[in-house]
Amino acid sequence: MDYVEIFDTTLRDGEQVPGCKLDSVTKLIIAERLDQLGVDVLEAGFPISSPGDFKAVEDISKLVKNARVCGLTRAVKKDIETAAEALKSAKRSRIHTGIGTSENHIRYKFKSSKDEILERAVAAVKYAKSFVEDVEFYAEDAGRTDNEFLAKVCEAVIKVGATVLNIPDTTGHCLPEEYGAKMKYLKENVSGIHKARLSCHCHNDLGLATANSIAGVQHGARQIECTINGIGERAGNTSLEEVVMILRQHPNLKLDTRINSKKLYGISKLVSESMAMPVQPNKAIVGANAFAHSSGIHQDGVIKKRETYEIIDPRDVGVDKSSIILTARSGRAALAYRAKNIGYELDKLQLDKVYEQFLIMADQKKEIRDKDLPKIIKASNI
Ligand code: KIV
Ligand code: ZN
């Protein structure tokens, strides 16, 4: 097994989302839980952006026991100095600095040239290295940057000591094959690449962030930047719980993370509630329906053997058990199972009668709850 480091950016890229702003106490609570979850790197914020963010990075640096604490900067001296100051109490720290490298960013955002961008990238990494040993460089909009220039920038920043190369698909535009090929190209064409770790940072504008991150690690990247529940700018970032469970479900990839998956559901709820960002019910791994079965055919299969319709044991991600939801689409097996759970053992004849009554009520209600079952059983006159 090779390890893929998990770089959590819930408190930076995630918290950037309008309406998701957290107070300082909640940030500390989430940081502590992320540390217990087992993330390798915790991006705590963008210290220059506001005094509040500076203080959050400073406080998180003092609190976190295991993870490396990271602060974001632009390729700007003042940003880097401020991040270094905010991180100074961290047991292990990282400065995350970088600049846009795509044609679009160079021409319109910076009104600059490739040579100048290269110079600024190198200067930023060199300056960050004067404060901390561990410097991650991001090539913003790498997803739309031509591979040749991207490789040139990566090579130059490795020479001045970058330890991690973040290849963000900032706009979520890449296809998995394309993003994987980008990583492969860098592995094969950047001299000194063995001295740095390649990192995936994918956005979900086309719903491909998770697929792209997995393609990235299949082609040599060894860090994934992600957030709890996939929160983040626009359509969000790669979802932490998804990449962790994909690697666990596919041991043939021979890649794993250090995440304690049993804590995934709890932290998902904490982040969702703290940020008032509901998790869609059909969200993979942590959605309310991720382990709920409502059609008769599926329920019958799951009751006979859970694995028939579930690839993950819910307890592995911190969910108590699978649930059998009673609706008008449910069959006798589900009804008998739920009735038994609350103390009613029904024989075949009794079940037929109760099922008739059940369907009458189920056609009127969206869902039949445990409290409805005694009334249905009584009305069946069994
Ligand atoms: O999406 C992105 O490019 C980023 C960088 C600032 C790392 O979040
Ligand atoms: Zn991002």
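Positions are given from 1, in the same order as the sequence printed here. Not measured: the values here are computed from a predicted model. In each ligand, atom 1 is the first atom listed, and ligand 1 is the first ligand listed.
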| task | Would you please say whether a donor-acceptor pair under 3.5 Å links the side chains of Thr327 and Lys365? | result | no

| message | For a quick check under 3.5 Å, do Ser330 and Gln299 share a side-chain donor-acceptor pair by atom type? | response | yes

With a cut-off of 4.0 Å, which atoms of ligand 1 are near a heavy atom of [X]?
X	value
His203	1 (O)
Pro168	2 (C), 3 (O)
Glu140	3 (O)
Asp13	8 (O)
Asn166	7 (C)

| message | Report the atom name of the nearest N/O/S atom of Asp13 relative to the Zn ion (ligand 2). | response | OD2

| request: Test Phe7 against every option in Cys226, Cys70, Cys200 by the side-chain contact (heavy atoms from CB on, under 4.5 Å) rule and name the one that passes. | output: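 Passing option: Cys70.
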
| request: Report the nearest protein non-hydrogen atom to atom 3 (O) of ligand 1: residue, atom name, distance rounded to 0.1 Å. | output: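 The closest one turns out to be Thr170 OG1, 2.7 Å.
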
| field | Residue and atom name of the nearest protein heavy atom (relative to atom 4 (C) of ligand 1), distance in Å to one decimal | value |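 Residue, atom and distance for the closest contact: His201 NE2, 3.5 Å.
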
| query | Do NZ/NE/NH1/NH2 and the carboxylate oxygens of Asp40 and Arg258 come within less than 4.0 Å? | reply | yes

| From Thr9 OG1 over to Ile224 CD1, what is the distance, rounded to the nearest 0.5 angstrom? |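 Between Thr9 OG1 and Ile224 CD1, I get 14.0 Å after rounding to 0.5 Å.
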
| When you draw lines from the Zn ion (ligand 2) to NE2 of His203 and to NE2 of His201, what angle lies between them, to the nearest 10°? | 100°

| message | Taking only non-hydrogen atoms of Glu233, do any sit less than 4.0 angstrom from ligand 1? | response |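 Per 4.0 Å heavy-atom rule, Glu233 does not contact ligand 1.
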
| Arg12 contact mode with ligand 1 (heavy-atom cut-off under 4.0 Å) |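 The answer is the side chain of Arg12.
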
| request: Can you label the angle between the Phe358 ring and the Tyr355 ring as parallel, tilted or perpendicular, going by 30° and 60°? | output: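 Rings of Phe358 and Tyr355: parallel, under 30°.
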
| Using 30° and 60° as the class limits, which term best fits the ring planes of Phe110 and His105: parallel, tilted or perpendicular? | tilted

| said: The test is side-chain contact (heavy atoms from CB on, under 4.5 Å); show your working for Lys114 and Asp146 and say whether it passes. | reply: CA-CA 11 Å; Lys114 282 186 169 171; Asp146 78 79; 3.1 Å; yes

| said: Is there a side-chain hydrogen bond (donor to acceptor under 3.5 Å, both in side chains) between Gln357 and Ser380? Walk through the geometry before answering. | reply: CA-CA 6 Å; Gln357 284 300 318; Ser380 316; 5.4 Å; no

| query | Is any N or O atom of His96, backbone or side chain, closer than 3.5 Å to an N or O atom of ligand 1? | reply | no

| task | Give a yes or no on whether Glu225 keeps an N, O or S atom under 2.8 Å from the Zn ion (ligand 2). | result |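 Coordinating: no.
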
